[in-house]
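As structure tokens, the structure follows; a few thoughts come after it.
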Amino acid sequence: MKTGKRILCFLLAVVMTCSMGLAGNSMEAKAAKKVSITKYIRCGVGMKYYTSTSVYMPGKNDDIKNIKVYEGKNTTKNLVVKQTSRTKNTYSGAAYGSQATLAMYATKKGTYKIKFDVYKSKTSKRSSHTITVRARGNSSNALETVTIDNKKIYDVNKNSYNNDSYSYYTTAKSGKVKFTLDEGCKITNITVYTYKKNGTSQSKSFKNGKKITFGKYGYGYSSSTGWSKPIWGNTNFAITYTDKNNKGVSNIMNFSIYTK
């Protein structure tokens, strides 16, 4: 009987080992074999308006080399690019072996191309890549302008507006709100979020350029231990859009209007 149990345990161990081996091979088969990047991005002009992008690489020892920036056919210093991180993925089921970050900002408005190589080792190149960067104004966002009753309250190319927080403060109770996006971008949907008097959220669809009554209240709560009531009413626009430069990707950005 003991011999039979030992044989059974041995067979089970073999089956488990084989199963683990098959699972491991399955993970390896799903692992990426190519470098993955976002081929078109935006950034602002000036150090304050920098942005960054990730580079996903198949091998744990992969790294970026030979970073060069072009404006047209010539190299340029008008777009400053620096590799700011590189990490190995230690999780056995990770799709990519390693990841790097490229941070950048422009000193001048324009369209640039970042070219770089990914190396498997110090001497073995895996592949070459190009990222197109559109630098304008003070944002890496696709938002170009916002108007209320035809009055411009936001302009990506002017620093006189409160562009850093994508918000606007007004005493108006309502207005016709219109958003315009950067070239190549198209709005597909806008959802407006406001709050009820008790602080709970409510939403509805919004057609770009139409009149809207701004929210009277902001997020708040009340409980046995205390309460919270913001000074401003909040109307938040969640703008869904597509970008022809990054096909198949749906993006969402937000803009808030605060009212007295």
Side-chain angles (χ1 to χ4, degrees), residues 24-143 156 181-186 241-253:
N25 290 336
S26 176
M27 288 181 180
E28 289 177 6
K30 292 180 181 179
K33 295 181 180 180
K34 295 182 179 180
V35 175
S36 176
I37 61 171
T38 300
K39 295 184 178 180
Y40 187 98
I41 59 178
R42 293 176 175 83
C43 77
V45 177
M47 295 172 65
K48 184 178 180 180
Y49 305 110
Y50 78 97
T51 191
S52 61
T53 187
S54 295
V55 180
Y56 299 93
M57 300 171 288
K60 290 186 178 181
N61 294 319
D62 286 3
D63 203 1
I64 293 175
K65 293 185 178 183
N66 306 323
I67 299 174
K68 293 182 180 180
V69 182
Y70 292 83
E71 188 172 12
K73 295 182 179 180
N74 301 318
T75 58
T76 181
K77 294 183 179 180
N78 291 333
L79 182 72
V80 180
V81 183
K82 185 177 181 180
Q83 182 177 342
T84 56
S85 74
R86 182 190 170 281
T87 56
K88 292 182 179 181
N89 290 326
T90 56
Y91 171 56
S92 60
Y96 293 93
S98 57
Q99 178 181 344
T101 302
L102 295 177
M104 68 205 69
Y105 71 91
T107 60
K108 182 181 178 182
K109 181 179 178 180
T111 300
Y112 306 93
K113 290 187 182 296
I114 303 171
K115 295 188 177 184
F116 61 92
D117 300 319
V118 173
Y119 273 69
K120 301 178 185 179
S121 63
K122 290 183 179 180
T123 58
S124 178
K125 185 170 77 171
R126 180 183 294 279
S127 53
S128 299
H129 302 274
T130 301
I131 298 175
T132 300
V133 181
R134 175 168 165 76
R136 84 218 205 285
N138 53 21
S139 176
S140 59
N141 207 313
L143 189 61
V156 73
L181 306 188
D182 191 21
E183 61 181 43
C185 297
K186 181 181 179 181
Y241 67 97
T242 56
D243 186 343
K244 72 176 184 180
N245 300 291
N246 288 318
K247 295 181 179 179
V249 178
S250 183
N251 308 276
I252 298 178
M253 61 185 173

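Index from 1, following the sequence. Note that this is a predicted model, so its numbers are computed, not measured.
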## Note on the structure
Hits for side chain to side chain donor-acceptor pair (under 3.5 Å) against S139, two or more places apart or cross-chain, chain-then-number order -> Y166
### Task
Apply salt bridge (Lys or Arg N to Asp or Glu O under 4.0 Å) to D63 and list each qualifying residue two or more places apart in sequence or on a separate chain.
R86
### Task
Keeping to residues at least two apart or across chains, list the salt bridge (Lys or Arg N to Asp or Glu O under 4.0 Å) pairs with something in residues 104-114.
none
### Query
Does the pair C185 and N251 meet the rule for a side chain to side chain contact (heavy atoms under 4.5 Å, CB included), with working shown?
CA-CA 10 Å; C185 297; N251 308 276; over 6 Å; no
### Query
Among all residues two or more places apart in sequence or in another chain, which pass the side-chain contact (heavy atoms from CB on, under 4.5 Å) test with K115?
Y70, T130
### Query
Who are the side-chain contact (heavy atoms from CB on, under 4.5 Å) partners of T76, not counting sequence neighbours?
V69, E71, N78, Y112
### Message
Taking side chain to side chain donor-acceptor pair (under 3.5 Å) as the definition, give me every residue that meets it alongside S54, ordered by chain and number, with sequence neighbours left out.
### Response
Q99
### Task
Tell me, please, which residues at least two apart from R134 pass salt bridge (Lys or Arg N to Asp or Glu O under 4.0 Å).
D182, E183
### Task
Please list, chain by chain and in numerical order, all residues satisfying ring pair (Phe, Tyr, Trp, His ring centres under 6.0 Å) with Y119, sequence neighbours excluded.
none
### Summary
By side-chain contact (heavy atoms from CB on, under 4.5 Å), N245 pairs with (sequence neighbours left out) Y40, R42, D243
## Note on the structure
NZ (K60) and CG (N89) are apart, to the nearest 0.5 Å, by 8.0 Å
### Query
Which residue, T84, I64, V133, forms the side chain to side chain contact (heavy atoms under 4.5 Å, CB included) with L102?
I64
### Task
For S140, check side-chain contact (heavy atoms from CB on, under 4.5 Å) against everything at least two apart and list the hits.
T51
#### Entry: Residue of the set L181, N138, N141 for which side chain to side chain contact (heavy atoms under 4.5 Å, CB included) holds with V156
N138
### Partners meeting side chain to side chain donor-acceptor pair (under 3.5 Å) with S128 (sequence neighbours left out)
D117, K125
### Message
Please list all pairs meeting salt bridge (Lys or Arg N to Asp or Glu O under 4.0 Å) that have one or both residues in residues 90-102, counting only residues at least two apart or in different chains.
### Response
none
### Chi angles and distances behind the side chain to side chain contact (heavy atoms under 4.5 Å, CB included) call for M47, V80
CA-CA 9 Å; M47 295 172 65; V80 180; over 6 Å; no
